[in-house]
2 protein chains.
Amino acid sequence: MSKREFVVVGQDGADACCPGLLGAPLGEERAVELAKVFKALGDPVRLRLLSMIASRAGGEVCVCDLTAAFELSQPTISHHLKLLRQAGLIDCERRGTWVYYWLLPEMMNKLAGMLARPADAVEVVS
Amino acid sequence: MSKREFVVVGQDGADACCPGLLGAPLGEERAVELAKVFKALGDPVRLRLLSMIASRAGGEVCVCDLTAAFELSQPTISHHLKLLRQAGLIDCERRGTWVYYWLLPEMMNKLAGMLARPADAVEVVS
DNA sequence: CCCCCATATTGAAGTTCTTCGATCCAAGAC
DNA sequence: GTCTTGGATCGAAGAACTTCAATATGGGGG
């Protein structure tokens, strides 16, 4: 067994996001947090929900439209939306009878930054 | 229920990657494929493994080093490495007694591109 | 040839995830 | 107030995931 050790760089404060996955070994805490978000993306239904929400022109989608787009029960869609919201990927608001969801681009940018190679990661134009 | 429909743009051929999550609603097939990759990233152990592999200077890591870095059994690490490999994120080769793993940057770039906003997505400098 | 070491595979136990039907809550219409 | 409709929550069933001990495989060394 080649005796080399891994120096962990991770956890540089609550929201400091920047070494990325590819720059230095991830600390366990940060890995647990990041994994929650990727896990939220790890389901076809949730990916399609997110994509529908993100690509809608006005920036907002009514739950009724989302539910109608799948052959799944309404509670199931509601559950997936909840997971996406808990992952920090979307948010919602009730307006009268309907509830509208929209994308939170910060989290998407953060993830994209984590995946990009260190050289490319700098470039997240907001 | 507001009667609007979603036009699916998805599946533009095997590996055409480009509308991204945020540009147009994802087709089911593409969602299923993408979800597999994100699911592979949705576990803290696998995230750390990937990060260790990606950040290692020489570009390659011996399994023995990876196994030593966790308090998990050797079969468990082996299983996680297999999932990462099946997701197209890493590859490996046996050289004598040891097996070495390395990152496949194409998949990382593809994912980063999917998450980036359409405007930003163009910029994957190889 | 037989033994040893590094990984992979198998099989099983416990946990978590996905989904549903049933039910509850919020808000508008009457 | 009562009714209706959109959406969230609850509880349960089945599938999938994580982990381990045991075992198999592949190569080098004696």
Side-chain angles (χ1 to χ4, degrees), chain A residues 1-4 28 31-50 52-53 56 60-87 89-102, chain B residues 1-4 28 31-50 52-53 56 60-87 89-102:
Chain A
M1 188 189 302
S2 77
K3 271 293 174 199
R4 269 216 261 175
E28 172 156 13
V32 169
E33 248 185 76
L34 244 193
K36 282 181 198 155
V37 186
F38 281 123
K39 190 176 298 179
L41 294 175
D43 178 277
V45 176
R46 286 195 293 272
L47 272 183
R48 292 177 64 196
L49 283 170
L50 187 69
M52 287 176 182
I53 295 170
R56 177 58 74 82
E60 293 182 342
V61 190
C62 173
V63 174
C64 59
D65 287 345
L66 298 172
T67 305
F70 293 84
E71 306 209 333
L72 292 171
S73 69
Q74 175 267 319
T76 297
I77 298 299
S78 190
H79 171 65
H80 284 305
L81 288 171
K82 184 182 188 176
L83 292 187
L84 286 172
R85 192 155 50 81
Q86 289 176 334
L89 289 161
I90 59 178
D91 201 0
C92 67
E93 183 188 16
R94 172 166 217 131
R95 284 206 286 280
T97 307
W98 292 282
V99 176
Y100 295 87
Y101 280 80
W102 60 86
Chain B
M1 189 189 299
S2 75
K3 271 292 173 198
R4 268 216 262 178
E28 173 156 12
V32 169
E33 246 185 77
L34 244 193
K36 282 181 198 156
V37 186
F38 281 123
K39 190 178 297 180
L41 294 175
D43 177 278
V45 176
R46 287 195 291 273
L47 272 184
R48 291 177 64 197
L49 283 170
L50 188 69
M52 287 176 184
I53 294 170
R56 177 58 74 84
E60 293 182 341
V61 191
C62 173
V63 174
C64 59
D65 287 345
L66 297 171
T67 306
F70 293 84
E71 308 208 333
L72 292 171
S73 70
Q74 175 266 319
T76 298
I77 299 298
S78 189
H79 172 65
H80 284 306
L81 288 171
K82 184 182 187 176
L83 292 187
L84 286 172
R85 192 153 53 82
Q86 288 177 335
L89 289 161
I90 59 178
D91 201 359
C92 67
E93 184 189 15
R94 173 168 214 132
R95 284 206 286 279
T97 307
W98 291 281
V99 176
Y100 295 85
Y101 280 80
W102 60 86

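Only a predicted model underlies this, so the values are computations on that prediction, with no experimental measurement involved. In the text below, chain A, chain B and the rest are named by the order of the sequence lines, each starting its count at 1.
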For the side chain of [X], starting at C-beta, report the closest nucleotide among [options].
| X | options | value |
| --- | --- | --- |
| A/Thr76 | C/dT19, C/dA8, D/dT18 | C/dT19 |
| B/Val45 | D/dA8, D/dG6, D/dT19 | D/dT19 |
| B/Ser73 | D/dT9, C/dC20, D/dC20 | D/dC20 |
| B/Ser78 | D/dA8, D/dT19, C/dA8 | C/dA8 |

Produce a footprint string for nucleotides 23-30 of chain D: one letter per nucleotide, 5' end first; B if the base is under 4.0 Å from any protein heavy atom, S if only the sugar-phosphate is, - if neither. ---B-S--
Within 45° of the axis and under 6.0 Å from the centre of the six-membered ring of B/Tyr100, does NZ or CZ of B/Arg95 qualify? yes
Exercise answer: donor-acceptor pairs, residues 67-75 of chain A side-chain atoms, under 3.5 Å, sequence neighbours excluded:
from: A/Thr67; atom 1: OG1; to: A/Val63; atom 2: O; distance (Å): 3.0
from: A/Ser73; atom 1: OG; to: A/Thr76; atom 2: N; distance (Å): 3.4
from: A/Ser73; atom 1: OG; to: A/Thr76; atom 2: OG1; distance (Å): 2.9

Whole angstroms only, please: what is the [atom1]-[atom2] distance between [X] and [N]?
| X | N | atom1 | atom2 | result |
| --- | --- | --- | --- | --- |
| A/Tyr100 | C/dA26 | OH | C1' | 15 Å |
| A/Leu49 | C/dT19 | CG | P | 10 Å |
| A/Ile90 | D/dG7 | CD1 | C1' | 14 Å |
| B/Glu93 | C/dA6 | CD | C1' | 16 Å |
| A/Ile77 | C/dT18 | CD1 | P | 12 Å |
| B/Leu47 | D/dT18 | CG | P | 12 Å |
| A/Glu71 | C/dC20 | CD | P | 10 Å |
| A/Lys36 | C/dC17 | NZ | P | 11 Å |

Taking the nucleotide of DNA chain D with the closest heavy atom to each, which residue, A/His79 or B/Pro75, is nearer the 5' end?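 First, find each residue's nearest nucleotide; the 5'-ward one identifies A/His79.
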Between B/Glu93 and B/Val99, is a side chain to side chain contact (heavy atoms under 4.5 Å, CB included) present by the stated rule, with each step listed? CA-CA 6 Å; B/Glu93 184 189 15; B/Val99 176; over 6 Å; no
Test item: B/Arg46 side-chain N/O and B/Lys39 main-chain N/O as donor-acceptor pair under 3.5 Å: yes
Closest heavy-atom pair and its distance - [X], [Y]:
| X | Y | result |
| --- | --- | --- |
| A/Leu41 | A/Leu89 | CD2-CD1, 3.8 Å |
| B/Ala40 | B/Ala87 | CB-CB, 3.6 Å |
| B/Val61 | B/Met52 | CG2-O, 3.9 Å |
| B/Ile90 | B/Tyr101 | CD1-CD2, 3.4 Å |

Could you tell me whether A/Phe70 contacts a base, only the sugar-phosphate backbone, or nothing, with contacts defined as non-hydrogen atoms closer than 4.0 Å? nothing
Distance below 4.0 Å between B/Tyr101 side-chain N/O and C/dA8 OP1 or OP2: yes
Can you tell me if A/Lys39 touches the phosphate of C/dT16, counting only side-chain N or O atoms and a distance under 4.0 Å to OP1 or OP2?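 No.
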How long is the span from the CG atom in A/Leu50 to the CG atom in A/Leu83, to the nearest 0.5 Å?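 One gets 12.5 Å once the value is rounded to the nearest 0.5 Å.
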How long is the straight-line distance from CG of A/Leu47 back to CD of B/Glu28, given to the nearest 0.5 Å?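 The CG atom of A/Leu47 is 11.5 Å from CD of B/Glu28, to the nearest 0.5 Å.
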DNA chain D-proximal residues of residues 80-87 of chain B, any heavy atom under 4.0 Å: B/His80, B/Leu83
